[in-house]
Amino acid sequence: MSVHININKICKSYDDVEALKDITLSINAGEIFGFIGPDGAGKTSLFRILTSLLIPTSGTATVGDYDVVKDYKKIRQSTGYMPGRFSLYLDLTVEENLNFYASIFNTSLKENYDLIKDIYIQIEPFKKRRAGDLSGGMKQKLALSCALIHSPKLIILDEPTTGVDAVSRMEFWELLKKMQKRGITIIVSTPYMDEAALCDHVALIQGGKLLAVDKPENIVKSFKGSLFAVSANNMHKLIYDLDNLMNTSNVFRFGETIHITSNIDDDLLYTENAHKHLSESGYHNITINRVEPVIEDCFLALMDQDMVKG
Amino acid sequence: MNQKEKIIEVTNLVKMFGSFTANYNLAFDVYKGEIFGFLGANGAGKTTAIRILCGLSPPTSGKVIVAGYDVSLYPNKVKANIGYMSQKFSLYNDMTVKENFRFYGGIYGLSGKEIKEKTQFFLKKLKMEHTRDIVLSEIPLGWKQKLAFSVAIMHDPKVVFLDEPTGGVDPITRRQFWEMIYESADKGITVFVTTHYMDEAEYCERISIMSEGKIEALDTPAKLKSNYGVNTMNDVFIKIAR
């Protein structure tokens with residue numbers, strides 16, 4: 001019952017701003033596909049095109065057998081959409097919002113209760129409360145319930161975890177995994193790089209262009225060079241001194257350490273040189289360890305490359 | 001030991017809304033030039049506490065002193081001595097960059113000459129001189145956030161409150177933003193910051209984590225990790241907030 005998605009050379013311009021530049025990719029039936037990128041990357045424009053709410057400047061896209069422009073009525077029947085901004089009726093209660101969206105799609109809460117049960121039971125105690133009076137986490141669960149109420153084959157979630165704390169984010173992903181088990185294809189966008197690892201495939205997107213599309217583990221594998229985590233007594237000054245280190249690129253603060261990429265093959269030689277350079281510059285408590293890259297390292301490196309290329 | 005100057009002093013802060021206790025007996029100090037991370041789950045009571053610290057809402061009981069003034073007695077003195085920016089609201093989208101500086105500079109009571117100098121200084125530092133006459137709505141989010149931070153410190157406040165300043169911003173700009181934070185702290189401005197990015201929690205000197213209206217933990221990132229026997233701030237947060 002799940003559907004695959006084909007996106008073919010999609011471009012979208014607003015006046016002279018190119019929001020999407022020649023996007024081509026396909027999304028497998030039943031997978032969780034993540035678009036990872038910051039605000040302004042083009043994620044929302046792409047999602048509006050896939051949900052038939054926006055017409056592309058050029059290119060085509062299909063959801064299952066349906067074209068997003070020609071077959072927009074069919075698309076809307078089979079797709080659930082959770083926009084980035086909370087868009088339900090604030091003056092209707094939880095229950096009224098759900099009944100309203102169900103009736104638009106000629107169905108009822110009762111008919112599809114089983115599908116939304118996992119999520120809905122968490123907000124059911126507040127079903128008489130107006131949506132405007134819910135906390136952020138509860139609003140998000142109500143919005144997801146409404147997006148699922150017509151039993152869609154595909155759901156598209158635009159930054160569902162932005163501004164959400166680390167615990168709620170984890171719980172939200174557990175819900176998505178349950179939806180996936182029911183055979184629903186899930187497209188989700190996020191600015192949190194750590195959420196990439198929870199997707200089957202991800203597209204890294206920036207400035208309307210795809211930087212990479214692959215399984216998260218393959219994106220990490222394709223990282224070029226050796227990555228090292230460095231720390232020393234004066235972390236703030238350290239970042240400027242590492243910028244001047246030989247054979248080094250991509251100097252970025254990373255939690256409690258600074259990540260640097262070596263451009264030479266000999267790790268030992270590189271570490272020895274770095275150590276010498278830092279102790280001569282007056283640092284102590286120096287640690288330099290080889291580490292495995294995560295998605296954010298890859299994103300930073302790809303962004304850097306992209307800026308150099310222009 | 002050298003006694004550091006306290007910029008924020010919170011003693012037994014309680015805030016009630018009707019019968020609901022949003023802040024329960026909060027007590028902490030923040031020092032001059034410190035970067036203090038104020039973390040917690042959604043709904044834990046962070047926003048309520050920040051509003052009190054900024055002089056926007058009086059505490060139900062307890063004593064809160066910010067930048068030398070008691071927030072209950074002198075809320076307007078507090079407001080004049082702090083800076084504030086948030087992800088949700090910072091600058092005016094329908095004014096140009098220069099107009100935003102002029103507007104906020106005026107509110108903070110700077111002279112025309114000072115406003116001009118500060119505008120020049122920050123735009124040069126951000127390499128954004130070419131944006132002076134551009135309407136803010138046309139500027140990318142990351143740049144806007146850097147401008148908003150500059151505007152929030154243009155009157156040399158003793159402390160600046162940053163409420164999720166980097167939400168949705170790209171990873172390079174997020175890091176540039178933190179360089180600006182470090183630079184201000186080096187100059188002696190105290191930085192009070194909230195974030196949902198746990199790697200950014202590591203960039204703070206000390207962190208408090210709130211849960212259900214109380215501060216459940218307060219220490220350096222390194223001590224918190226060792227106290228809870230985990231390797232990342234994300235795990236510390238999940239242990240406390242779940």
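All chains are named by letter (A, B, ...) in the order of the sequence lines, taking the proteins before the strands, and each is independently numbered beginning at 1. Excluded from the calculations below are hydrogen atoms, water molecules and symmetry mates; all remaining heavy atoms, backbone and side chain alike, are included.
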Inset, instruction - Indicate yes or no for a side-chain donor-acceptor contact from A:D165 to the backbone of B:N42 under 3.5 Å, with no hydrogens or angles considered. - result: yes
Legend entry - Flag if over 12 foreign heavy atoms under 6.0 Å of NZ, B:K125: yes
Legend entry - Residue A:K139 excluded, over 12 heavy atoms near NZ under 6.0 Å: yes
Legend entry - Side chain / backbone / both / neither for A:Q206 at chain B, heavy atoms under 4.5 Å: side chain
Inset, instruction - Write out, in numerical order, the residues from residues 202-212 of chain B with a heavy atom short of 4.5 Å from a heavy atom in chain A. - result: B:E202, B:Y203
Legend entry - Which portion of A:V164 sits near chain B, non-hydrogen atoms under 4.5 angstrom: both
Inset, instruction - Measure B:P171 against the heavy atoms of chain A and call it side chain, backbone, both or neither at under 4.5 Å. - result: both
Legend entry - Under 4.5 Å from a heavy atom of chain B, the part of A:E296 involved: side chain
Legend entry - Part of B:K46 lying under 4.5 Å from any heavy atom of chain A: neither
Inset, instruction - Could you check if a side-chain atom of A:F252 sits within less than 4.5 angstrom of a side-chain atom of B:R174, using non-hydrogen atoms only? - result: no
Legend entry - Other residues, nucleotides, ligands: >12 heavy atoms within 6.0 Å of B:K187 NZ: yes
Legend entry - A:M235 versus chain B, the contacting section by heavy-atom distance below 4.5 Å: neither
Inset, instruction - Could you check if a side-chain atom of B:E179 sits within less than 4.5 angstrom of a side-chain atom of A:I239, using non-hydrogen atoms only? - result: yes
Legend entry - Aromatic plane relationship, B:Y197 with A:Y192 - under 30° parallel, 30 to 60° tilted, over 60° perpendicular: tilted
Legend entry - CD1 on B:I35 to NE2 on A:H236, rounded to 0.5 Å: 8.5 Å
Legend entry - More than 12 heavy atoms of other groups within 6.0 Å of B:Y24 OH: no
Legend entry - Region of B:L141 that comes under 4.5 Å of a non-hydrogen atom in chain A: side chain
Inset, instruction - Return the option, out of B:G142, B:A41, B:G40, B:G167, with the maximum number of heavy-atom pairs under 4.5 Å with chain A. - result: B:A41
Legend entry - Flag if over 12 foreign heavy atoms under 6.0 Å of NZ, B:K223: no
Legend entry - Separation of B:D186 CG from A:K237 NZ (nearest 0.5 Å): 12.0 Å
Inset, instruction - Assess whether atom CZ of A:R48 is packed by more than 12 heavy atoms of other residues, nucleotides or ligands within 6.0 Å. - result: no
Legend entry - Closest non-hydrogen atom pair between B:R175 and A:R253, with its separation: NE-O, 2.7 Å
Legend entry - Contact check, side chains of A:F254 and B:D199, non-hydrogen atoms, under 4.5 Å: no
Inset, instruction - Check the pair A:E256 / B:K225 against side chain to side chain contact (heavy atoms under 4.5 Å, CB included), numbers first and verdict last. - result: CA-CA 11 Å; A:E256 60 185 336; B:K225 284 183 281 183; 2.8 Å; yes
Inset, instruction - May I ask you to check whether over 12 heavy atoms, not counting those of A:E292, lie within 6.0 Å of atom CD? - result: no
Legend entry - Within 6.0 Å of CG in B:D133, more than 12 heavy atoms from elsewhere: yes
